[in-house]
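Notes follow once the structure below has been shown.
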Amino acid sequence: MKRMLLTLLLIITCNLSAQEIKSPSEFLGYDLGSRFTLHHQVVDYYQYLSNVAKDRMQLNEYGQTNERRPLLLAYISSPDNMQKLEDIREEHLKSTNGEGASSKAIVWLSYNVHGNESVSTEASMQTIYELLTSKQAYLENTVVIIDPCINPDGRDRYVNWYNQHKNSALQVDPNSKEHHEGWWSGRSNHYMFDLNRDWAWLTQLESRQRIKFYNKWLPHIHVDFHEQGVDSPYFFAPASEPFHEVITDFQRDFQVTIGKNHAKYFDTNGWLYYTKERFDLFYPSYGDTYPTYNGAIGMTYEQGGSGRAGLGVLTANGDTLTLKDRIAHHLSTGLSTVEVASKNVAKLNEEFKKFYSPKNYKYKSFVLSGQKDHLKSLTNLLDQHQLTYSYGTGAMVKGFNYNTGKAGSFRANSESLIISTNQTRGTLVKVLFEPNARLSDSLTYDITAWSLPYAYGLKAIASETLVNGTPKAGSTVKKETLNSDAYAFITDWNGMDDARFLAELFKNNIRIRQAQKPFVLEGKRYERGSLIIIKSDNESKKNLLKILGEAAKKYHKSLTGVSSGFVDDGKDLGSKYVKMIPAVKIAVLSGEPTSTLRFGEIWHFFEQQLQYPLTVIDGNYIGEVNLTNYDVLILPGGNGYETFMDSDMLGRLKEWVEDGGRLIAMGNSIASLDREDGFKISAKKKKKDSVEFTMASHENLAREKMKNDITGAIFKTRVDATHPMAFGYKDTYFSLKLGIDSYNYLESGTVAYISKDTIPVAGFAGSEAQELMGKSLVFGVEEHGKGQIVYMVDNPLFRGFWENGKLFFVNAIFMAR
Ligand SMILES: [Zn+2]
């Protein structure tokens, strides 16, 4: 009876709140799904909800985007739970230490990471509305955290574009312009970065701000809402193989539990869906894998639609897919996810605790040493992931040597970084640091290698026994006082902080030279590439010392003042081997024929990493631009070069290079220069397609094709360390290779290359692709007239995380002529 009364009461309250709270359609003044909602309107609705449902909802702005749109998190639960939200969070986090008695499920729903997969944010509004009204029973034992839009800049780019191009009446003809978004699509963020590849690398503003809050909660379940092609039916869990080996049986099984619950609703409605295909759980930087490696059930849900779909579009089957359909599907899976969570609270808590119980991974500690700059940017990343580390005590460490691929050892001194798997997030440590992640299936959606010691260019040992370290001794950075009597100041050149220091000096119109050869001066040895600021070069700068001091402090540089230019060994500071670094004017090609991602990486690099001015020139008017205004022109990778690079364009570029321009050709832009009337670069010939390949059965075709493929694998390359493009490097470099493009060595100017050893140190490369990699160029510089063409077959700026490759790019820009 009491129970009945309670139920009755509950129904009454539900009805009351349903009346009190406006649905998205009521609030916005149009039927949800009949048009797209601009981001500021979405913000308004969430703010409205947090006002009318104060007892059940909290809204926080966790940051802003590059274009200053707010990033929001809505926390919803029962009034009781909301009053002790902080206690619930703390109790939940105790589970990661095997303690506490958490009795709530934490579900995190992330919408619209890809801006033009625009249904998601619309669906989020209906989902939170239903959770606050008709489905509030789920919230009794569950906290739901909703990020209505991870990528507001991209979403508004799409929505504004769509509104400008749509027909006023519903136009479902896929040929109509509103279904062809074009190059500047809304998928990525402001800098054209794919935020769903950035969870582990945190190169983007949105990711860095979000991760702080994600780490404060570490939910039991995380869903990333997406859209795929218009002709694909809905995809939900369980995910496809390969699964990373750290994924637990429970995580696998629970994906099935959730998938079956969704299927129930989809079956009832007669909606099509599929599971277990295409979207795998391997690459760690996704919105499903990163949460998974932190103990969550991490999932990707994919509605058919995206930038092609608009408000309604005809599919290949002749059906009309509307925005309202798309909303209904995402709403259904969102609610079903929360339902499953609320029915499995005890199990989720128990298993979450288990996930964080001590693991016995093969490698217990990773010990790294090398350039201070690289170590520092790595610890910066570790801090953001709340991974702990310590420093060496002078003991020898033995284990797998990343550089040789064999057993080895080195002494872990006080600068050596130790990261061990016996910490709370040991699983994430294993995933990010192990030399080579085990791949259960080569057919994957993304790159198959990312091991951080290679990405950061560090010497590393993976040890099977735990290596003990000590915390970092107090900072020993002494305050630099620059001697005003010095003849010149010298500093090293081997990392991004050095490049930023250089850019900062250029900003202040300081003239800087660079040593082309190693030298010894006043008893100290300086390597090739060392930066030299000679006082007499900067006579007009009255505040030279102040500028140098401030820039040095900002970028953690140590400057050595010398009293003479007369060296003990090598070339004197006045020699022609100490060249002035040109403060070059740089332009980058964008639009067709480039790829948005490849262009965006360069744009972001100059603006956010190097802070050096860049002119962006679109492919559709470069023909009218006077290129002699620029010293360097960068061609990002892209698929449109075949038509772009006609004889006229090629002729113009050649003339410009002959007159002293420097062309930097990256990725698949290189192929367009490999022509009889082009430059000297020549592609390696593939053996004609093998017989076995054409004999593959229909069913095995995809697998056979893999023989000719490289899906993001790490190769050991050799480096000509005497070349200016390699200043700051030693004789090997680990390169992330993203495809099978391969070119012959240059007659001269081959800077980094693969020799005969073509087995990748990590990741997947098909047998025939490997053969093609033998004796192939990675980076090279061709002299042409007074200028140069720099070839970058591999892309060190890929997704912004290959820290050790970035200096090659900087060298390519600034190396003296
Ligand atoms: Zn997507």
Side-chain angles (χ1 to χ4, degrees), residues 64-69 113-116 151-158 161 181-198 201-208 496 499-500 502-504 506-507 583-622 625 627 629-641 644 662-669 738 790 792 794-803 805-814:
Q64 288 195 350
T65 65
N66 289 293
E67 296 172 15
R68 299 202 186 84
R69 290 185 178 84
V113 60
H114 291 143
N116 63 356
N151 177 13
D153 291 350
R155 180 184 158 86
D156 262 6
R157 191 183 316 130
Y158 171 75
W161 173 87
E181 205 185 351
W183 189 83
W184 196 251
S185 85
R187 176 181 169 91
S188 317
N189 76 346
H190 173 80
Y191 283 109
M192 288 288 156
F193 265 68
D194 185 334
L195 294 177
N196 191 33
R197 304 293 185 276
D198 197 45
W201 319 135
L202 304 174
T203 68
Q204 299 302 298
L205 186 61
E206 293 89 344
S207 315
R208 285 196 296 271
M496 274 305 291
R500 281 185 271 267
L502 175 73
E504 177 91 8
F506 276 142
K507 219 182 281 171
V584 285
K585 280 196 166 165
I586 305 169
V588 61
L589 184 67
S590 87
E592 303 286 354
T594 71
S595 133
T596 53
L597 295 171
R598 302 294 85 83
F599 160 72
E601 285 155 2
I602 295 164
W603 187 22
H604 182 262
F605 181 82
F606 279 100
E607 293 210 340
Q608 296 295 328
Q609 300 179 53
L610 189 60
Q611 286 157 15
Y612 192 87
L614 176 74
T615 300
V616 177
I617 300 178
D618 206 273
N620 65 24
Y621 65 79
I622 192 171
V625 173
L627 290 179
N629 290 335
Y630 307 97
D631 305 298
V632 176
L633 173 65
I634 304 163
L635 306 180
N639 289 320
Y641 281 93
F644 172 82
R662 179 176 296 158
L663 188 66
I664 301 180
M666 301 181 75
N668 47 6
S669 77
L738 299 156
V790 178
M792 303 194 83
D794 292 355
N795 176 13
L797 304 185
F798 178 73
R799 295 181 188 167
F801 85 106
W802 205 257
E803 196 61 26
K806 292 174 183 174
L807 201 63
F808 276 118
F809 187 74
V810 176
N811 285 333
I813 292 156
F814 291 109

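- If you check the side chains of E592 and N620, you find no donor sitting under 3.5 Å from an acceptor.
- Closest non-hydrogen pair, A587 versus I617, comes out as CB-CD1, 3.7 Å.
- When the ring pair (Phe, Tyr, Trp, His ring centres under 6.0 Å) test is applied to H604, the partners found at least two apart in sequence or on another chain are Y191, F193.
- Just one residue in the list D194, N116, T596 forms a side chain to side chain donor-acceptor pair (under 3.5 Å) with R187, and that residue is D194.
- In terms of modelled atom types and a separation under 3.5 Å, the side chain of D156 and the main chain of P152 share no donor-acceptor contact.
- Inter-residue side-chain proximity for N629 and K585 is flagged as unmet; no heavy-atom pair is nearer than 4.5 Å.
- Using modelled atom types and a 3.5 Å distance limit, the side chains of D198 and S207 yield a donor-acceptor pair.
- In this structure, CE in M792 is found 11.0 Å from OG in S669, a value given to the nearest 0.5 Å.
- R155 places no side-chain N or O within donor-acceptor distance of the main-chain N or O of H114, the cut-off being under 3.5 Å.
- Between the side chains of N151 and E206, no donor-acceptor pair is found at a separation under 3.5 Å.
- For the pair L663/L635, a side-chain contact is recorded, criterion being any heavy-atom separation below 4.5 Å from C-beta on.
- Across all non-hydrogen atoms, the minimal contact from Y158 to G115 is CB-O, 4.2 Å.
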### Task
Please step through side-chain contact (heavy atoms from CB on, under 4.5 Å) for the pair W802 and D794, ending with a clear verdict.
CA-CA 11 Å; W802 205 257; D794 292 355; over 6 Å; no
### Task
Show the numbers, then the answer: is there a side-chain contact (heavy atoms from CB on, under 4.5 Å) between N189 and N66?
CA-CA 8 Å; N189 76 346; N66 289 293; 4.0 Å; yes
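- Interatomic distance, CG of L589 versus CZ of F599, reported as 9.0 Å (0.5 Å rounding).
- Using the six-membered ring where Trp is involved, H190 and W603 have ring planes that are tilted, between 30° and 60° apart.
- Residues passing the ring pair (Phe, Tyr, Trp, His ring centres under 6.0 Å) test with Y630, sequence neighbours excluded: none.
- For the pair M666/I664, a side-chain contact is recorded, criterion being any heavy-atom separation below 4.5 Å from C-beta on.
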### Message
Set out, in order, the CA-CA distance, both residues' side-chain angles and the distance that settles side-chain contact (heavy atoms from CB on, under 4.5 Å) for M496 and V810, then state yes or no.
### Response
CA-CA 9 Å; M496 274 305 291; V810 176; 4.1 Å; yes
### Query
Where do W183 and S590 land on the side-chain contact (heavy atoms from CB on, under 4.5 Å) test, with the steps shown first?
CA-CA 10 Å; W183 189 83; S590 87; 4.1 Å; yes
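- The aromatic rings of Y612 and F606 sit tilted, their planes meeting at an angle between 30° and 60°.
- No more than 12 heavy atoms of other residues, nucleotides or ligands sit less than 6.0 Å from atom CG of N639.
- Between G805 and P796 the shortest heavy-atom distance is O-CB, 3.3 Å.
- Counting heavy atoms from C-beta outward, D631 and I586 have side chains that stay 4.5 Å or more apart.
- With hydrogens and angles disregarded, no donor-acceptor distance shorter than 3.5 Å links the side chain of K806 to the backbone of Q609.
- Under the salt bridge (charged side-chain N to carboxylate O under 4.0 Å, His left out) criterion, R662 pairs with no residue at all, not counting sequence neighbours.
- Scanning for ring pair (Phe, Tyr, Trp, His ring centres under 6.0 Å) contacts around F808 gives Y729, Y733, F779, with sequence neighbours left out.
- Looking at residues two or more places apart in sequence or on another chain, you find a salt bridge (charged side-chain N to carboxylate O under 4.0 Å, His left out) between E67 and R69.
- For the pair L797/I602, a side-chain contact is recorded, criterion being any heavy-atom separation below 4.5 Å from C-beta on.
- L597 is not listed as a side-chain neighbour of M192, based on a closest heavy-atom distance of 4.5 Å or more.
- Judged as a ring pair (Phe, Tyr, Trp, His ring centres under 6.0 Å), and not counting sequence neighbours, F798 has no contacts.
- Within a 6.0 Å radius of NZ in K507, other residues, nucleotides and ligands contribute more than 12 heavy atoms.
- Separation of atoms CD1 (I634) and OG1 (T594) is listed at 12.0 Å; rounding is to 0.5 Å.
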